[in-house]
Amino acid sequence: MLHVNHINAFYGKIQALWDISLNVHEAEVVALVGANGAGKTTLVNTISGLLRPTSGLIEFLGKRVDDLKSHSIVELGMSHIPEGRMLFPNMSVRENLEMGAYTKRVWKNKHKTLEQVYDLFPVLRARQRQLARTLSGGEQQMVAMGRGLMSNPKLCIIDEPSCGLAPIIVQEMFGIIGSLRSQGIAIFLIEQNVQQTLEIANRAYVLENGRLILEGNSQDLIQEEMIKKAYLGL
Amino acid sequence: TTNTFAKDKIVVGMARPLSGPMATIGDSAFKPIYDTWTDEVNAQGGIYVKEYGKKLPIELLIYDDKGDLGTMTRLTEKLIVKDKVDFLWPSCGTAFVFAQAPIANKHGYVLITAEGGATHVKDMLPSLPYVFVSLSFSDWYQIPVLAELLGEKGAKTAYITFRADLFGIEYSGVAGIEFPKHGIEIIGLNSVPPETKDFAPIIKKAKASGADVFCAFGYPDLVLPATGTSMALDYNPKAWIGGPAVNFGFYHTTFGPAAEGVLGFTTFACSQSKAAQTLCDKLYKGKPEEINDWWGHPLYWAGLECWKQAIEKAGTLDQKVIREVLATEKFNTVLGPTWFENGLMAKECHTGEIGQWQKGIFEVVGPTKNATAKFVYPKSIWPAPPKK
Amino acid sequence: MITTFLDIVISGLLMGGIYALIAVGLSLQYGVARVLNISHGEFIMIGAFGTYILYKTAGVNPILTLAICGPVLFLIGFFLYKTLFKILLAFSDSAEIFEGKSLLASFGLLFIIQNIAILIWGADIKSYSFLNIGVDLGGALFPANRMVTLLFAVVISMTFYLFLAFTRMGKAIRAAAQNPRIAGLMGVNINQVLALCFGFGALMASFAGGLLSMCYPITTTMGMEYTVIAIIVVVLGGLDSIVGSFIGGFLLGIVGSIVTYIEPGLALVAYYAIFIILLLVRPTGILGK
Amino acid sequence: MSILEGKGVTKYFGGLAAVSNVDFSVEKGEAFGLIGPNGAGKTTLFNLISAAYPVKSGIIRFKDKDITGLKPYKICRMGVARTFQIVKIFPDLPVFSNVLLGLHFGHSSGMSSAEKASLALEYLDFVGLTQVKMAPAKDLTLANQKRLEVARALATGPELLLLDEIMAGLNPTEVSQAMELVNRIREKGITIIMIEHVMKAIMNICQRIMVLHHGEKIAEGSPREIANSEKVIKVYLGEKAHATC
Amino acid sequence: MDITTLKSKKSLIWWTVIFTIFILLIFLPFYTQGYAVVLLISILVYVILTLSWVMFSGSTGYMSLAPAAFFGVGIYTSALIGKVFPFPITVLVGGMASFILAILVGALTLRLKGIYFAIFTFGLVMLIAYSLLFFEIQVTGTRGRFVIVMDYNTIYFYMLGIFMLLLLTTYLIKNSKYGLALRSIGQEEDAAAHTGVNVVGVKVMTFAISAFFMGAVGSVMATKLTYIDPFIAFSTTYSFMPVAMAIFGGTGSLYGPIIGAAILTYLEEILITKFAEVYMLIFGAILVAAILYLPDGLVGFIQKIWRRLMERNHVDT
Ligand SMILES: Nc1ncnc2c1ncn2[C@@H]1O[C@H](COP(=O)(O)OP(=O)(O)OP(=O)(O)O)[C@@H](O)[C@H]1O
Ligand SMILES: Nc1ncnc2c1ncn2[C@@H]1O[C@H](COP(=O)(O)OP(=O)(O)OP(=O)(O)O)[C@@H](O)[C@H]1O
Ligand SMILES: [Mg+2]
Ligand SMILES: [Mg+2]
């Protein structure tokens, strides 16, 4: 459903992405692995329209999206849960979540989805009136995650969701990702918890210095020496 | 500034507030006068200067001082030092007159002021031989006349509100001296800072005081809303005086027949003389009533006439000679014989001080010798608000 | 005594209504679109002149004019954003930079608009008299034109508050105010939303201008004075709060009314003193977060 | 000898007790871990120690001196440095200047500017940022920004260093590197308090760990004791301790 | 050639240029007549105000709209004591009065950030103006005051002296650790505090130093106004213009604000004299255009062109 074809991207004069091509199919979890600064965030920002590729092609659900603005891409059913939470600081938890359901397609059903999200993260229900900016780091991460799910997406891009979460919540989060897949939602996951990510993912790409250097079935990748050494700390 | 080259025009320089907060005053006070007057003189070929043996047209060089005093002083210096204009015409506003007068005087430039005048200009004038003041003001001779008029009618008490600035302080101060002389006690006095928006509390207080006379000494931004509020709050003192504002055409167009009986400051009415009628036609005929100004316009006009005649009499553009003429001789203007006395336009030349709206005309009611209509006291009440 | 007090408070409310009305538009433009629109007062001026001219030349009821001038100014505001401010936004690296630039741009607009207005309408004072009648409220008289203004201020502000708090577009506007990039990720068309805000701000300014012209004389140079009032009210109330502006307006109105009653000479001193003290106590305004 | 001591430390946000009546004591030279569920009050406790927030009640002593109520810069100059969970670098200043500031203001030694400059480079080298030293700090990746914060904190010459989740966002290999960094800091004789959700790091580095939950201290002890505490497993660790980030 | 010698060579050139300009400026009254000096005084006033403004606001990002307050305090000081004391003392007192006011204000406003600070400082100007107005009316019973008049050259040399002192001060601050501290405050105040910067102290002190210069220039300027009242002295123009000029010139460098102030003042002079009727229109259009097309201020633009030229030269050689 997502089809990235030979894209290049720049920050000013510095090239951040080099000739990237990748695919995500329906109901599949695809992991993107890479060291700090490899360009993972840059890549997903390019896909979701926050950054414009200088060349190459991106297709989503058969539609060309690399020249669309991010708001139009969301309409198509892609949801991007950005790195570093990025909440609306002066809106309440609830309003933040509601914003996730902004697209016309899902706005009407927002109460139902909201309940589902609260069920996933009960803490948020308790804090629904609190301003996002006063939440603890981990609580903010939960809101970001919940907000991304509110749009009822077909593809969900998640950038480092477990960052700053207590171990027990991290477990739940992987559980959530698993259940999303079983609902038929495709997931494109960036996660530093590489071991567990590869265990849950169907396929994975490895990014280094802005270039894809490896791709394949995640079970196979776990066995790769190079992966073990560079990303699993073994 | 006399020069040996053949001269073909008289250059007059001005720093005027074309923009900024003072533009409102500048635009409606001196501007229409110098525009009309200059056109008229130039249509006749200009001013005859004997020294050159011909008529020289007037050319205006106008700078925008933005209503900023620092800019005005700088531009005045520029006009004198750099542009070497032949004459200087005045800037706008009393404070500006105070700041400009010493500069003009220092350089030996004759300056006949327009918008602005105040009691303490009288103290300054002896040290500023080149400065001549054309406008009438509080004790020159408006408030004494007002006090006398009211006293004669038996007014006993007055409530004064004034804008907290040079103008307001002066008028209320002079009223404090003149009113008691005619048996009028001031039972309420308050200042309002510029940009005050709410006059209801003041009007209510004035109403509660029961004073015979209500005075609003301030600019239109005070007088117009104070009038409106008086109407709305059904406040009907026996005399309601406000200015400068009541003397303008826009006061009448704003309130229409409701303006009946309101008092203000004035200089003339068209019906006063043939010359007055001619000037009225020149300035106002076929134009919107808003632009009328019964107080300042005739005085500025007379000031310019004096200036022109002084040049003609002097026969030269030498400021020093012209100053002598201005200081000592009499001129024939729209006001009749006109002259300056210690730098002030003599009060004998004024053709009126106090005006009152009567049937759509701002009649001169004081001093009595100049009156074009009888002073109506008490004024009729505002048109009654429609009962709900 | 009590009636005097009531009288003062009601006068204050009427005044506050005008202040609030002046401020609401700016609150929207700054709170959401982050444009501290120094030319806000010029839009008020245009609204006022539109009303004046229609009343004088065609006798159109000033209240009716609101419906004519409002949409026109909305369009002007909308397109101004779509052209000028959109470009500035695109070329600003951070929110602060955009704020600085847009402030300066609006400063430029002030000059341009005012000059054009002076060229068209002159700089002299204009005024007309409308609803200069008293309305009897519990034994005390109040000017009818002020009551109309108050009524409009309340209705307009309430409508806007409800709009922002509860509608989808309203939420998008607020989200855009806080993090436009991420609002885009939620599906919000930022430029559209911000342009709408700016347009609505101009529309409010025009309403304010129209209603003001019923109570005060107007001039083409009057803008700055009202901009200052608007900024003070908005900051007093707290930036991202329409309700705050409303409360701020009333607060100033009532304080002004009380002080004017006691010593009119201190009315403006009191405004600024209140403002300064309040900010010291609550550094982000009454309802600021 | 305890370098930092807290007694009955309490902080409310409105009605919420973010930190409530917590006692703690950190020994000189040790690495002290601070863990607990999200929203437990860990960062708030750091904010109280470093005086970002005023303490509602209780007392905090550093080197036997009461530091409650002091200004943040005073506390910093006394020898307490910190990093921020949500990074607070000086985005438009070069990386180098970020660190230099710490040297200029963190302690009052009569170093010449050349000495300061070379020390700043040393700290950058220490955290591995030499290559980007002239880049504006905002251009660094998040992980590098966290390293920069560590370097800046070190530059103030601290005796006690508060590290708030500096390993968040690192992959296991990078976590190992970061752990090594922390150990090297400790070798310099700097006492460390670290907040971390990465159990591998906490368990390996720290001698003692304190667990907060709903603002209260629910456990304290050696890593082994904590890892086996029923209570901690129930509210925080879950069945298998996996978080890396 | 290594970097340091290159740098010192470059700065040597700079210093020579600056020195030459100053020498020219000092002798200017002796080889020009009349009005040039008057205009230069106006330019210097704005240059000094803008540079002082940038000293504090440029680096900390606290947009102060208080220049008019400090400038006005200077003006009023001059009007009050100018006739009694020798002029240098008047100027010093004007500066010190502003300095003290700034310390008071600074200590009060520490909690305010962003636009709240800007508007607070604006409110301060208005509060002072209206209070003074009330005081003058109620207590002294007057509104305006006359100020001693001095000849242009004297005024000019005072301005020039203040300007040189200011330039030196700014330069020293900018290149000291306090300059760095100010910038760090501008970017992340909390972090600065936790890195040992006495945020309050540094802010207040810089604010006060910049106020000193504004006050001093105010007391000199007063003599050119000849007559003042509270609203003339505390005119908000002097709060807004320095901000516009600084942004127009670019706040990043020392010479940006100077160039910005000089050009805008001169531009305005041309417009109000040559195109008085449409002065605002043109001025506004230029402002808008500058913001659109000169995103880093005039100086940023010049630097860009300069760099391009250098690059081309490199290619050529
Ligand atoms: N706005 C920016 N301007 C310039 N360079 C940038 C910008 N954002 C990121 N970079 C650079 O681009 C490169 C890739 O950054 P990116 O954030 O995509 O990495 P990442 O793989 O997501 O790293 P992390 O694991 O830390 O999130 C890095 O070298 C970074 O410094
Ligand atoms: N300024 C504030 N206003 C109101 N509540 C706050 C504020 N700061 C923090 N809180 C609340 O206090 C509690 C403790 O927050 P804190 O940031 O200390 O948590 P934490 O233990 O660091 O969590 P995490 O591991 O997720 O970072 C949280 O519930 C949070 O929502
Ligand atoms: Mg990333
Ligand atoms: Mg935390």
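Throughout, protein chains are lettered first and strands after them, A, B, ... in sequence-line order, and every chain is numbered starting at 1. Below, each value reflects all heavy atoms present in this structure, side chains not excepted, and no hydrogens, waters or symmetry copies.
If you measure heavy-atom distances from Leu103(C) to chain E, the contacts under 4.5 Å come from the side chain alone. Heavy atoms of Leu127(E) lying under 4.5 Å from chain C belong to its backbone as well as its side chain. Contacts between Ile286(E) and chain C at a heavy-atom distance below 4.5 Å are absent for every atom of the residue.
Atom CD1 of Ile232(C) is separated from atom CZ of Phe120(E) by 11.5 Å, given to the nearest 0.5 angstrom. The structure places CD1 of Ile231(C) at 7.0 Å from CD1 of Ile115(E), a figure rounded to the nearest 0.5 Å. Between Phe122(E) atom CZ and Ile276(C) atom CD1 the span is 11.0 Å, to the nearest 0.5 Å. Remark: Thr221(C) OG1 to Met280(E) CE distance equals 9.0 Å, nearest 0.5 Å. Once rounded to the nearest 0.5 Å, the distance linking CG of Leu281(E) with CD1 of Ile116(C) reads 5.5 Å.
Atom OH of Tyr266(E) has 12 or fewer neighbouring heavy atoms from other residues, nucleotides or ligands inside a 6.0 Å radius.
Residues of residues 258-274 of chain C lying under 4.5 angstrom from chain E, judged on non-hydrogen atoms, are Glu263(C), Gly265(C), Leu266(C), Leu268(C), Val269(C), Tyr272(C), Ala273(C) in numerical order. Residues of residues 75-88 of chain C lying under 4.5 angstrom from chain E, judged on non-hydrogen atoms, are Leu84(C), Ile87(C), Leu88(C) by number. Below 4.5 Å, heavy atoms of chain C meet heavy atoms from Glu277(E), Val278(E), Tyr279(E), all part of residues 270-279 of chain E.
Here Ile112(C) is the residue among Ile112(C), Ile118(C), Val234(C) with the most heavy-atom pairs under 4.5 Å with chain E. Among Leu108(E), Ile119(E), Leu112(E), the residue with the largest count of heavy-atom pairs under 4.5 Å with chain C is Ile119(E).
In terms of heavy-atom proximity, Ala244(E) sits nearest to Phe107(C) at CB-CE2, 4.3 Å.
For the salt bridge (Lys or Arg N to Asp or Glu O under 4.0 Å) condition, the pairs that include at least one residue of residues 19-42 of chain C, sequence neighbours left out, are Arg34(C)-Glu99(C).
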